[in-house]
Amino acid sequence: MLFSLLESSRSALASIIAHGFRSVLTTLGIVIGVASVIAVVSVTQGLRVFVSQQFASLGTNSLTVRSYTPLEDRMQGLNARLTPEDYGLIEQRVDGIASITPILFASRASQIKYGSQTAYSQIMGTTYAYQDVAQFFTTEGRFLANSDNLTRRRVAVIGDTVRENLNLPENPVNEFVELGGEWFKVVGLLEPKGEVMGFSQDDIVLVPYATMQSLQGNQARTDIQIQLSLGENAEIDDVTGQLSLLLRNAHDLDSSDEDDFVIETAEQMMQTFDSILAVVTIVIGGIVGISLLVGGIGIMNIMLVSVTERTREIGICKAIGAKRHHILLQFLIESMLLSLFGGLIGLAAGYGLGSLIAGSIPSFPPAAIPFWAVVLALGFSGFVGILFGILPAAKAANLDPIDALRYE
Amino acid sequence: MSLIALQGITKHYQMGNQLVKALDGISLSIDSNEYVAFIGSSGSGKSTMLNILGCLDRPTSGQYHLNDHNVANLNENQLSEIRNLEIGFIFQSFNLLPRATALGNVMQPLIYRNVPFRQRRDLARKALQRVNLGDRTDHLPNQLSGGQRQRVAIARALVTHPSILLADEPTGNLDSKTTVEIMQLFDELHAEGHTVIMVTHEDEIAAHCQRVIEMKDGHIFRDSAHLPGELH
Ligand SMILES: Nc1ncnc2c1ncn2[C@@H]1O[C@H](COP(=O)(O)OP(=O)(O)OP(=O)(O)O)[C@@H](O)[C@H]1O
Ligand SMILES: [Mg+2]
């Protein structure tokens with residue numbers, strides 16, 4: 001059997017090469033199918049690797065708690081809030097926290113002025129602990145200090161994009177910027193973090209939490225976010241459990257009520273991203289399935305033509321002793337190899353296409369083909385070749401030797 | 001016991017509402033190392049006869065014993081095996097594989113016997129040398145003359161050391177000089193101990209053979225084995 005396989009592959013290969021151009025055209029359906037799936041997979045996988053790196057840099061052991069208004073409540077005009085009191089409770093009662101910081105966002109993008117320059121940016125009120133939790137460090141000057149918060153100092157740490165937009169000097173420390181009509185002194189410049197999918201992570205202004213609070217006035221509507229990082233031995237599930245229990249109690253929720261807050265972990269965000277990717281992959285997979293089907297039918301068609309063309313040859317082989325399985329195997333292997341070649345070409349083309357797409361979008365991560373995609377693409381095209389080779393191969397194997405020899 | 005024994009062999013073709021009796025009750029036996037020619041007018045059933053002897057075709061009725069095996073009882077794969085092991089077939093139109101070299105063509109039947117590559121190649125080279133084509137091993141069929149092609153076909157038939165060589169008008173497509181060469185080859189093969197059975201139109205070729213069987217309308221009209229002296 002092994003011997004027959006080897007011999008059949010040898011002659012199958014010879015006949016594919018003998019019809020080089022036709023072979024390439026025949027496999028075009030497979031080539032296109034495989035190329036498109038590989039292009040999409042390589043781009044999305046490149047993206048995934050990149051995004052997971054980004055999430056990892058956020059700190060895999062950090063969580064964010066923010067308020068969440070269930071749809072029902074929102075329709076009644078209610079808004080869930082996370083209050084400074086909640087923050088105080090969490091800080092005191094939850095075990096396993098290394099650092100924790102409240103974050104107060106300005107309700108909308110705020111105007112910043114420096115000299116005659118004006119820019120809009122995201123302003124966050126937070127504390128010195130944000131540095132640990134979010135892994136933000138300064139390249140110039142210093143980060144926010146505890147004393148800034150206690151005395152509600154009007155100081156700001158700015159991202160590099162803000163510095164550029166405002167035409168601030170390379171070292172903007174000690175310059176003054178105007179935020180919502182108040183003057184703030186720049187005390188630090190953040191290390192650039194680059195972009196994620198075209199969004200700058202450096203378009204950000206940090207001010208002391210208490211300063212932000214006093215600027216916003218209306219305390220009754222304050223809705224904060226809380227970011228925290230876990231201590232070394234803390235279990236993420238344990239901490240989220242504690243948080244959930246504590247906040248449900250603090251918010252007087254019945255057991256039938258939905259949470260009015262969400263706890264986000266980097267891992268969870270990654271999972272959300274993955275599930276979006278999975279949907280994309282399934283949709284693409286369906287499209288590719290159809291194109292492989294079409295490709296397979298193309299191969300079957302050309303193999304049937306090939307059987308007819310080679311009827312005499314088949315007759316000769318049978319006359320000198322070929323058995324059914326010799327003929328069957330040869331045509332099956334030929335069709336499988338044909339399809340597999342298509343898969344290989346598609347693999348290369350798809351990777352090229354993916355790299356081209358990734359390369360043409362600025363700051364897009366490089367294309368990457370995971371091993372499973374290679375195995376799947378080749379496995380599938382081989383399988384399609386065998387599946388659609390069965391009919392032509394059986395037709396060849398069933399030829400009567402004398403009829404085949406007489407065929408004109 | 002004879003190598004080939006036929007008993008009441010018929011081959012009928014139904015063409016529309018007309019029944020063509022290509023063979024109509026043939027009984028004969030051929031011994032090992034006989035040198036036989038089938039002659040007769042066109043359409044008398046010679047090729048049909050040879051195809052049945054070569055297990056390429058099955059008779060409509062009758063008994064065919066080859067080496068004491070009843071061929072009628074064999075399935076398609078067993079017939080393939082018999083063709084591979086016992087029979088070397090040589091066709092008027094050569095029937096070489098067009099995309100294989102002379103050597104490749106001669107090696108082909110050995111594939112079906114699971115002979116490993118090197119051994120196959122060596123056996124095929126020897127067979128080509130036997131038919132004086134040792135210097136044309138790498139030529140494709142369309143790079144060879146008619147006589148050379150027929151010699152490749154003979155080498156392919158010989159390489160398996162079959163007990164019977166069957167040739168259907170082996171010189172039908174060749175000029176007279178090449179015909180002489182090919183017939184010399186058959187004479188030698190017979191002298192070496194092969195059983196040679198051929199179909200021919202030409203009396204000169206039949207004259208090489210020890211036994212001449214003349215066919216007419218699917219019957220055996222004359223068999224020199226039973227009429228000693230008439231054709232020899
Ligand atoms: N496949 C077939 N279908 C129908 N009739 C056939 C078939 N093969 C052969 N015949 C008929 O059988 C008869 C014998 O044919 P065969 O080929 O044996 O003749 P032959 O003696 O070899 O003739 P030639 O000398 O011309 O080659 C012919 O009348 C032919 O028409
Ligand atoms: Mg004939």
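Throughout, protein chains are lettered first and strands after them, A, B, ... in sequence-line order, and every chain is numbered starting at 1.
Rounding to the nearest 0.5 Å places CD of A:Gln330 at 9.0 Å from CD1 of B:Ile111.
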Side-chain polar contacts of residues 381-391 of chain A - donor-acceptor pairs under 3.5 angstrom, sequence neighbours left out - could you list them?
residue  : atom : partner  : partner atom : Å
A:Ser381 : OG   : A:Ala377 : O            : 2.7
A:Ser381 : OG   : A:Leu378 : O            : 3.3

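At a heavy-atom cut-off of under 4.5 Å, chain B is reached by A:Ala397, A:Leu399, A:Pro401, A:Ile402, A:Leu405, A:Arg406 from residues 396-408 of chain A, listed in order of number. Using a 4.5 Å cut-off between non-hydrogen atoms, no part of residues 136-148 of chain B approaches chain A. Among residues 78-103 of chain B, the residues having any heavy atom closer than 4.5 Å to a heavy atom of chain A are, in sequence order, B:Ser80, B:Glu81, B:Arg83, B:Asn84, B:Phe91, B:Ser93, B:Asn95, B:Leu96, B:Leu97, B:Pro98, B:Arg99.
Residue B:Asn77 touches chain A through both its backbone and its side chain, counting heavy-atom pairs closer than 4.5 Å. Looking at B:Arg156, only its side chain comes within 4.5 Å of chain A, counting heavy atoms on both sides. For chain A, no part of B:Arg58 is nearby; none of its heavy atoms comes within less than 4.5 Å. There is no contact between B:Pro162 and chain A, counting heavy-atom distances below 4.5 Å. Neither the backbone nor the side chain of B:Val159 comes within less than 4.5 Å of any heavy atom of chain A.
Your options are B:Leu56, B:Asn51, B:Asp57, B:Thr160, and the one with the most heavy-atom pairs under 4.5 Å with chain A is B:Leu56. Between chain B and the residues A:Ala18, A:Ser15, A:Ala14, the largest count of heavy-atom pairs under 4.5 Å involves A:Ser15.
The number of heavy atoms from other shown groups lying within 6.0 Å of CZ (A:Phe380) does not exceed 12.
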